[in-house]
Amino acid sequence: MPALADPLIAWYADAARDLPWRRPGFGAWGTLVSEFMLQQTPVARVIPHLEAWLMRWPTPTDLAAAAPADAVRQWANLGYPRRALWLHRAAVEIRDRHDGVVPRDVDALLALTGIGDYTARAVAVFAYGDRHPVVDTNTRRVLARAVDGRAQPGAPGKRDLAAMAAQLPADDAAAAVVNAAAMELGALVCTARSPRCEDCPLAGRCTWRAAGYPDTGDARRKQARYEGSDRQARGAVLKRLREDTAHALPQDAVLPDWPDARQRDRAIDSLVADGLVEAEDGLLRLPR
DNA sequence: CAAGCGTGGAC
DNA sequence: TGTCCAAGCTT
């Protein structure tokens, strides 16, 4: 049995949060939607949106029948609205290529729009119970500290999957728990800013702790400033279009008072290039 | 592969 | 206040 598996399993049995996607019978579609929403958006903000989404579109086929615009509006302020578009495309692909059933095979999941290494394996493991390494930012941090003796993870790579695979027990169900437990530990205890090592089930075998918490540097990219950025302009344009009850606006009616008109126009162009906005006859609207 | 991509809460 | 951070993905 790998070194971290038993303490992680024991800790998780007691400390795991009661989250909607962990309820028995939540379903592969619910799991898939939750994972899309959780890509870079905190758990607490996701939960209400997830429940509303699944109420409106209980199956991939239901979402596939909707207009992309409805998905983007329903996404509301979750951020990174391309995910709404990608989730809609994935639903169409599931309807057309998989008879409306969320695939179980990792390669089939990876072939869906908006699904990468993390999400594909999260669905295969948490929805279907198969045995794969699931590696998110929390897991990467836990492994960096406990195994590698580093304060922060290095650049993400395929090595991360191998590192987690080495920690998985042979049994499918136990492996799924270890995957979930590593993520949960990173979210609740082995946190980025102030880790609570006194509460950590791995403290006794943590390489970083044993070394005296050295500052090993931080390979992570710094996040660009948001205030005044193109991203902010894109967000403002899309918010205006989401909230437009007529569902189509003349281009010169969108953010006429934005401080930087060139930036606003650049934002609109890039949203059109991304397929988040359609421009036709001088009107802007969400994609139909 | 490094950069670009939203939004809001915590400190 | 500004900075950091959050179950990543695509190009």
Side-chain angles (χ1 to χ4, degrees), chain A residues 16-17 19-22 26 30-50 72 75-87 89-90 109-127 132-143 151-161 164 176 179-188 190-195 218-242 263 266-267 269-271 273-277:
Chain A
R17 291 168 291 178
L19 298 172
W21 44 91
R22 292 181 180 159
F26 192 68
T31 299
L32 182 60
V33 174
S34 76
E35 296 299 350
F36 264 86
M37 290 184 172
L38 287 164
Q39 291 168 2
Q40 300 282 278
T41 300
V43 166
R45 285 181 55 207
V46 161
I47 290 174
H49 288 279
L50 173 65
V72 172
W75 197 258
N77 63 342
L78 278 173
Y80 290 149
R82 290 190 288 196
R83 290 181 293 163
L85 211 52
W86 291 343
L87 178 53
R89 286 183 196 157
L109 287 160
L110 284 170
L112 298 174
T113 302
I115 294 193
D117 281 333
Y118 165 75
T119 303
R121 289 171 178 79
V123 170
V125 170
F126 301 136
H132 305 280
V134 181
V135 178
D136 76 334
T137 187
N138 292 304
T139 294
R140 278 165 35 73
R141 190 172 51 248
V142 168
L143 292 175
Q152 302 289 347
K158 296 293 183 188
R159 299 188 314 277
D160 299 329
L161 288 175
M164 189 59 197
N179 277 309
M183 293 170 61
E184 191 77 338
L185 189 69
L188 299 181
C190 191
T191 55
R193 234 177 284 192
S194 22
D218 191 338
R220 292 170 301 173
R221 276 179 292 138
K222 300 251 179 289
Q223 208 168 51
R225 178 181 191 80
Y226 184 66
E227 190 65 30
S229 68
D230 284 14
R231 292 161 78 173
Q232 184 183 38
R234 282 170 55 105
V237 168
L238 207 59
K239 176 179 169 65
R240 179 73 180 87
L241 289 175
R242 277 199 315 265
Q263 180 185 58
R266 192 162 65 240
D269 289 346
S270 74
L271 287 166
D274 286 349
L276 277 164
V277 171

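Values below: every heavy atom of this structure, side chains too, minus hydrogens, waters and symmetry copies. Labels below follow one simple rule: chain letters A, B, ... track the order of the sequence lines, proteins then strands, and each chain is numbered from 1.
- Taking atom P on both B:dA3 and C:dC4, the two are 16 Å apart, rounded to the nearest angstrom.
- Put simply, CZ on A:Arg193 is 13 Å from P on C:dT3, counting in whole angstrom units.
- A donor-acceptor contact under 3.5 Å is formed by the side chain of A:Thr41 with the base of B:dG6.
- Between A:Leu19 and A:Lys222, it is A:Lys222 whose nearest contact on DNA chain C lies nearer the 5' terminus.
- The same atom, P, is picked in B:dG6 and in C:dT11; the two are 14 Å apart, to the nearest Å.
- Heavy atoms of A:Arg141 sit under 4.0 angstrom from primed sugar atoms or phosphate atoms, though from no base atom.
- B:dC1 and C:dA6 have their C1' atoms separated by 23 Å, given to the nearest Å.
- A:Thr119 has a side-chain polar atom (N or O) that falls below the 4.0 Å cut-off from OP1 or OP2 of C:dC9.
- In this structure, CD of A:Gln223 is placed 10 Å from P of C:dA6, rounded to the nearest angstrom.
- A sub-4.0 Å separation between OP1 or OP2 of C:dC5 and a side-chain N or O of A:Arg45 is absent.
- Taking 4.5 Å as the limit, some side-chain heavy atom of A:Trp21 sits within range of a side-chain heavy atom of A:Val43.
- The separation between A:Arg225 atom CZ and C:dC5 atom P is 17 Å, rounded to whole Å.
- Both A:Thr191 and A:Trp86 lie near DNA chain C, and the one whose nearest nucleotide falls closer to the 5' end is A:Thr191.
- Heavy atoms of A:Asp274 sit nowhere under 4.0 angstrom from any nucleic acid atom.
- Between the P atom of B:dC5 and the CZ atom of A:Arg266 lies a distance of 9 Å, rounded to the nearest Å.
- Contact annotation: A:Asn77 side-chain N/O to B:dG6 OP1/OP2 distance is not under 4.0 Å.
- When distances are taken from the side chain of A:Arg242 to each of B:dC5, C:dA6, B:dT7, the shortest belongs to B:dT7.
- For A:Asp136, whose side chain is taken as the heavy atoms from C-beta onward, the closest listed nucleotide among C:dG8, C:dC5, B:dG6 is C:dG8.
- Contact annotation: side chain of A:Arg231 to base of B:dG4, donor-acceptor pair absent below 3.5 Å.
- Checked options A:Thr113, A:Leu271, A:Asp274, A:Val72; the residue passing with A:Arg82 is A:Asp274 (criterion: side-chain contact (heavy atoms from CB on, under 4.5 Å)).
- OP1 or OP2 of C:dC5 has at least one side-chain nitrogen or oxygen of A:Arg220 nearer than 4.0 Å.
- No contact: A:Trp75 has no heavy atom under 4.0 Å from any strand.
- Across all strands, A:Ala122 comes closer than 4.0 Å to no nucleic acid atom at all (heavy-atom distances).
- Among the protein residues, A:Pro156 comes within range of no part of the nucleic acid, since none of its heavy atoms lies under 4.0 Å from any strand.
- B:dA2 sits 23 Å from C:dA7 when the P atoms are compared, rounded to a whole Å.
- Distance CG (A:Leu87) to P (C:dT10): 13 Å, rounded to an integer number of Å.
- Between A:Gln39 and C:dG8 there is no side-chain polar atom (N or O) within less than 4.0 angstrom of OP1 or OP2.
- Counting heavy-atom neighbours within 6.0 Å of A:Arg159 CZ, excluding the residue itself, gives a total of 12 or less.
- Side chain of A:Arg141 to main chain of A:Cys190: a donor-acceptor pair is present (N/O by atom type, distance under 3.5 Å, no hydrogens or angles).
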### Message
The test is side-chain contact (heavy atoms from CB on, under 4.5 Å); show your working for A:Asn77 and A:Lys239 and say whether it passes.
### Response
CA-CA 8 Å; A:Asn77 63 342; A:Lys239 176 179 169 65; over 6 Å; no
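- Rounded to an integer number of Å, the gap from A:Glu227 CD to B:dG8 C1' is 13 Å.
- Summarising the geometry, the separation between CG on A:Leu78 and C1' on B:dC5 is reported as 15 Å, rounded to the nearest angstrom.
- Under the 3.5 Å distance criterion, with hydrogens and angles disregarded, no donor-acceptor pair is assigned to the side chains of A:Gln39 and A:Tyr118.
- Distance, A:Arg83 CZ to B:dG6 C1': 8 Å, rounded to whole Å.
- Between A:Arg234 and A:Asp230, no side-chain nitrogen of the basic residue sits less than 4.0 Å from a carboxylate oxygen of the acidic one, so the salt-bridge criterion is not met.
- Using a 4.0 Å heavy-atom distance criterion, A:Arg221 is classed as a base contact.
- Here A:Tyr226 reaches the OP1 or OP2 of B:dT7: one of its side-chain N or O atoms lies under 4.0 Å away.
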